[in-house]
Amino acid sequence: MAAAKGNALGKLGKLTELRQRIFFVIGALVVFRLGSFIPVPGVNPEAMTSLVSGNGLMDMFNMFSGGALARFSVFALGVIPYISASIVFQMMGAVVPSLQTLRKEGESGKRKMTMYTRYATVALAAFQSFGIAVALQGQVAAGGAPVVYTPGFGFVLSSVVGLTAGTMFLMWLGEQMTERGVGNGISLLIFAGIVAGLPGAVVHTLGMASNGELSLIKLLMVFGLALAVTAFVVFMERAQRRITVNYARRSGGQKAYMNQSSNLPLKINMAGVIPPIFASSLLMFPATAVSWFSTGQQSRWVQDLVQALSPGNPLYEIVFSVLVIGFAFFYTAIVFNADETADNLKRSGALIPGIRPGKGTANYIDAVMTRLTGVGALYLVLVCLVPSFMQSAWHVPFYFGGTSLLIVVVVVMDFTSQVQAHLVSHQYESLLKKANLRRN
């Protein structure tokens, strides 16, 4: 075993390009973590931390930013504006004719879409930072201390400039990580923000167990259930429905090729983590907006509605489940086109046994994808609600919620697959070089 590990490390040491890419990713993550401790001037750090903790949407954003929002650092917004702009343009690309044309223009259209996404990111980051700065000026912590030392135009301007610049820097850093590193840079930044709070959550949970607030049996059940949910997520993210595809007999020159069989893989969870993120944002925004901009004179039914839409309540769980299922079907319809897949199969001379080419194949693939999306949506709901049920029943601060757990698992799987792809490509390059040397 030790010899095998030594050989693997030796091979990694010989892969200069892969080693440089991994070191670049590590260096970029270090920069991200250091920047999350650079505060925007004019904010009381203790009061800000007290305000963010337990405040719905702000608590979720603080988790994604690695605690930067609680410190009100220049990276407080994280990459959330960029992700929101990317998702909006991706959805609009399926319904707006001009954007549909850009998507079909290849690389030039992709560059224009990227440019529009960046502009939208600047506008969205400026709008969010302005709203946060204005709202914070009237906030007071639990002890009566003001969150902002000197409210006014100067604080708002410095906050908008600092937070917007921080978001644009993270967007650039994520793109550099994607181009010069391994994996998706934006996903790795979110992954780093989530994982940064894991040690503190584990220590806090162990402290509850040592103080008697959490029994040993419940502690073991918590960690066992966390491992089981993680394994379940890995299994479902790798799960596929493979449709058998046969290629017709072809002849080339003097050779004839017999019928070949292949598979069309369809993922169960085609939408990824987009549905839980959208559903959480939509549900938490009303409660956060009311808590920030409330005047104390709103009617009783508004207070009851906000309370009912808080995490842990039955109405919240029901509405959250419906939104996740709806977004799963909507986003899958955007990223997967059954008609286009059927046309590609027809042009390549492939057909599904027992299904007519063209429209019949499209209808069959669409029906299969609808059933898979239904299973995938139920899987997302189950994974997202298990931590909520655990926290309500056992009063455990289960740090890895459903959305964060999905992000962590998907990012790790993507990073691992890309490292393996680099290793395989290096092996092919080595074989080609040896073959050329022998021919020469």
*Indicate the ring-plane relationship of F169 and W172, choosing parallel, tilted or perpendicular according to the 30° and 60° boundaries.*
tilted
Do [X] and [Y] have side chains that get closer than 4.5 Å, going by heavy atoms?
X    : Y    : value
F72  : L136 : yes
T361 : L351 : no
R242 : L264 : no
V148 : N44  : no
T416 : V412 : yes
L29  : F191 : no

_Derivation and outcome, side-chain contact (heavy atoms from CB on, under 4.5 Å), residues T332 and M369_ = CA-CA 9 Å; T332 301; M369 200 66 234; 4.1 Å; yes
Over all heavy atoms of both residues, which pair between [X] and [Y] is shortest? Give the atoms and the distance, please.
X    : Y    : result
M113 : F89  : CE-O, 3.8 Å
G185 : M177 : CA-CB, 3.7 Å
P276 : F320 : O-CE1, 4.1 Å
A338 : I365 : CB-CG2, 4.3 Å
S158 : P41  : OG-O, 4.4 Å
S321 : L385 : OG-CD1, 3.5 Å

Quick one: does [X]'s side chain have a donor or acceptor within less than 3.5 Å of a partner on [Y]'s backbone?
X    : Y    : answer
N211 : G207 : yes
S50  : E46  : no
N337 : D339 : yes
S417 : D414 : yes
Q240 : K267 : no
S73  : S36  : yes
T178 : G174 : yes

*Decide side-chain contact (heavy atoms from CB on, under 4.5 Å) for L380 and M236; before the verdict, give the C-alpha distance in whole Å, the side-chain angles of both, and the deciding distance to 0.1 Å.*
CA-CA 10 Å; L380 290 175; M236 292 298 294; over 6 Å; no
To the nearest 0.5 angstrom, please state how far the [atom1] atom of [X] sits from the [atom2] atom of [Y].
X    : Y    : atom1 : atom2 : value
I22  : F415 : CD1   : CZ    : 5.0 Å
T16  : R21  : OG1   : CZ    : 12.5 Å
I334 : I274 : CD1   : CD1   : 10.5 Å
I186 : I83  : CD1   : CD1   : 7.0 Å
I352 : I243 : CD1   : CD1   : 5.0 Å
F327 : I87  : CZ    : CD1   : 9.5 Å

_Derivation of the side-chain contact (heavy atoms from CB on, under 4.5 Å) call for M171 and T121_ = CA-CA 9 Å; M171 181 187 70; T121 301; 4.2 Å; yes
*Among residues two or more places apart or on two chains, list those pairs meeting side chain to side chain donor-acceptor pair (under 3.5 Å) that have a residue in residues 370-387.*
E237-Y379
_Pairing of E17 and R180 as salt bridge, 4.0 angstrom limit_ = no
Enumerate, atom names and distances included, each donor-acceptor pair closer than 3.5 Å involving a side-chain atom of residues 122-135, sequence neighbours excluded.
| residue | atom | partner | partner atom | Å |
| --- | --- | --- | --- | --- |
| S129 | OG | A125 | O | 2.8 |
| S129 | OG | A126 | O | 2.9 |

_Test side-chain contact (heavy atoms from CB on, under 4.5 Å) applied to Y82 and E175, step by step_ = CA-CA 11 Å; Y82 177 73; E175 292 176 351; 4.0 Å; yes
*List in chain and number order the residues that pass side-chain hydrogen bond (donor to acceptor under 3.5 Å, both in side chains) with N344, two or more places apart in sequence or in another chain; answer none if no residue qualifies.*
R347
*Give a yes or no on this: more than 12 heavy atoms of other residues, nucleotides or ligands lie within 6.0 Å of atom CZ of F223.*
yes
